[in-house]
**Q** 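So that we are looking at the same thing, I have put the structure below in structure tokens.
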Amino acid sequence: MRAKHLSIFFIFVFGALGGLLFGFDTGIISGASSLIENDFSLNIEQTGFITSSVLIGSSIGALSIGTLSDRFGRKRLLLVASILFLLGSGLSMTAVGFASMVTARIILGFAVGSASALTPAYLAELADAPHRGSLGTMFQLMITAGILLAYVSNLGFLHHNLLGIRDWRWMLGSALIPAAILFIGSLILPESPRYLVEKGNVDEARDVLHELRKNTNEDPDKELTDIQKVANQPRGGWKELVTFARPAVIVAIGLMLLQQLVGINSVIYFLPQVFIKGFGFAEGNAIWISVGIGVVNFLCTLLAYQIMDKFNRRTILLFGSIVMAVSIGTLSVLNFTLTVQAAAVPTMILIAIYIFGFAVSWGPICWLMLGEIFPLNVRGVGNSIGSAANWIGNFIVSQFFLVLLSMFHNNVGGPFAVFTFFAVLSIFFVIYMVPETRGKTLEDIEMEMRQKAALKKSAN
Ligand code: BGC
């Protein structure tokens, strides 16, 4: 179906809906895991594996989808991802034991990983250059909305076995609703005009571009001509990724690993446990701590959406790195120097500042830039690599955070000192490695990269 009759807002909201499921499916398990553990009489390792199986599936899903998306298109694979979301959500809701739950979570992971590798490129390819920052931030906005919804769903269903169905089954099953909406959305969304040109469907690409740009100051015909110029390049593969597109690969992997290694998911997945173990908070408060984090994270991402096209991406990244390094660095020092009681309230405030720092910068910009920095002929596979790096980083932090915490006798100062190191490292990474992409078309970004590579080649 053409983009006709669909409002631009609809296209970007539905296009980014994979983010909502990404946030929901990674966030929901924090509340559901202890309930599943009791119901299936699992040991702690099995419960841990249920949590991390989604991350394993995501890494594999992200890695495998890229070449397929360069071949079959972003839209068709979003549809496949939505079917996997439906299947994984249905199976996890009806799981009967450890093995079936792990299978369901791996399928869900596959869907999440695929969506995370497809959506940034899809949104970047649909957006006009002056608004690409905000429109790309829609993905992160959806992720944070998904996390918040998961926490709210945990809160709403906890101890309510409606219709005789266990609470955790409702929690996991509620993902069926956004999955069904994504399924319908991906049937009616337009295909990416850049993918269409690459495949030689210039007329359809022109229609989509005219429809997408009708309320903007951009000239769709000029954009089409520019796209045609880069689409003339031969189909890319691994060779391009290690030659002229290598800077993009390095930036993508660096941004994505650092996004995880600054430790955001220790807060998103484990903070309630930290407060219970480290500061002696009551178990019943855990869910409220989560909801608080979810709200701060979502509101700060809304702010990011507002500012993304007003400042350079590099400036915002640097700002975020500094805010994160200072807040968790201070947090770490305080927790090594103050008593547990005295450290509790400052820790909470510093964590809120840290979430702010992440949510306005590294949260949205890493996904946004992933969609922007790769040349058209390797965009799908490049996005796969970057996205897989993110999931692998996420897996590492999730596996080691609780271990690190117990190594430091439940003192959060320990793991957060490690995260501070990576936040400081991220400052240097931005200064020396990250290019500026604001205000340029995807084709400008690609031409710059090709010219630099050609210059380097001729200098050698
Ligand atoms: C990260 C997720 C994280 C989320 C928090 C995303 O950008 O990739 O791992 O849970 O932000 O808002």
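Below, all heavy atoms of this structure are taken into account, side chains as well, without hydrogens, waters or symmetry copies. Just so you know, ligand 1 is whichever comes first in the structure, and atom 1 is the first atom listed for that ligand.
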**Q** Inspect the contact between Glu443 and Arg194 and indicate whether a charged nitrogen and a carboxylate oxygen are less than 4.0 angstrom apart.
**A** yes

**Q** Verify the ring-centre separation between Trp367 and Phe22: is it less than 6.0 angstrom?
**A** yes

**Q** Is it the case that the side chain of Asp309 and the backbone of Ser134 share a donor-acceptor pair, with hydrogens and angles ignored and the cut-off at 3.5 Å?
**A** yes

**Q** Go through ligand 1 atom by atom and flag the ones less than 4.0 Å from a non-hydrogen atom of Phe358.
**A** 11 (O)

**Q** Starting from atom 12 (O) of ligand 1, which protein heavy atom do you reach first, and at what distance in Å?
**A** Asn297 ND2, 2.9 Å

**Q** Should you measure from each heavy atom of Gln260, which atoms of ligand 1 turn up under 4.0 Å away?
**A** 1 (C), 2 (C), 8 (O), 9 (O)

**Q** If you count the atoms of ligand 1 from 1 in the order shown, which ones are under 4.0 Å from a heavy atom of Asn394?
**A** 9 (O)

**Q** Checking Asn265 side chain against Ile268 main chain: does a donor-acceptor pair fall under 3.5 Å?
**A** no

**Q** Suppose we measure from atom 3 (C) of ligand 1 to each protein heavy atom; which comes out shortest, and what is that distance?
**A** Asn265 OD1, 3.4 Å

**Q** Mark the output for Thr144 as yes if a heavy-atom distance to ligand 1 is under 4.0 Å, and as no if none is.
**A** yes

**Q** Taking Arg314 for its side chain and Val430 for its backbone only, find out whether a donor-acceptor pair lies under 3.5 Å.
**A** yes

**Q** Is it the case that the ring center of Phe419 lies less than 6.0 angstrom away from the ring center of Phe422?
**A** no

**Q** Considering only non-hydrogen protein atoms, determine which one is nearest to atom 8 (O) of ligand 1 and report residue, atom name and distance to 0.1 Å.
**A** Gln259 OE1, 3.0 Å

**Q** At a 4.0 Å threshold, what atoms of ligand 1 neighbour a non-hydrogen atom of Trp367?
**A** 6 (C), 7 (O), 8 (O)

**Q** With no hydrogens and no angle check, is any side-chain donor or acceptor of Arg438 less than 3.5 Å from a backbone partner on Phe311?
**A** yes

**Q** Which ligand 1 atoms are under 4.0 Å away from a heavy-atom of Asn390?
**A** 8 (O)

**Q** What's the shortest distance from atom 6 (C) of ligand 1 to any protein heavy atom, and which residue and atom give it?
**A** Gln140 OE1, 3.4 Å

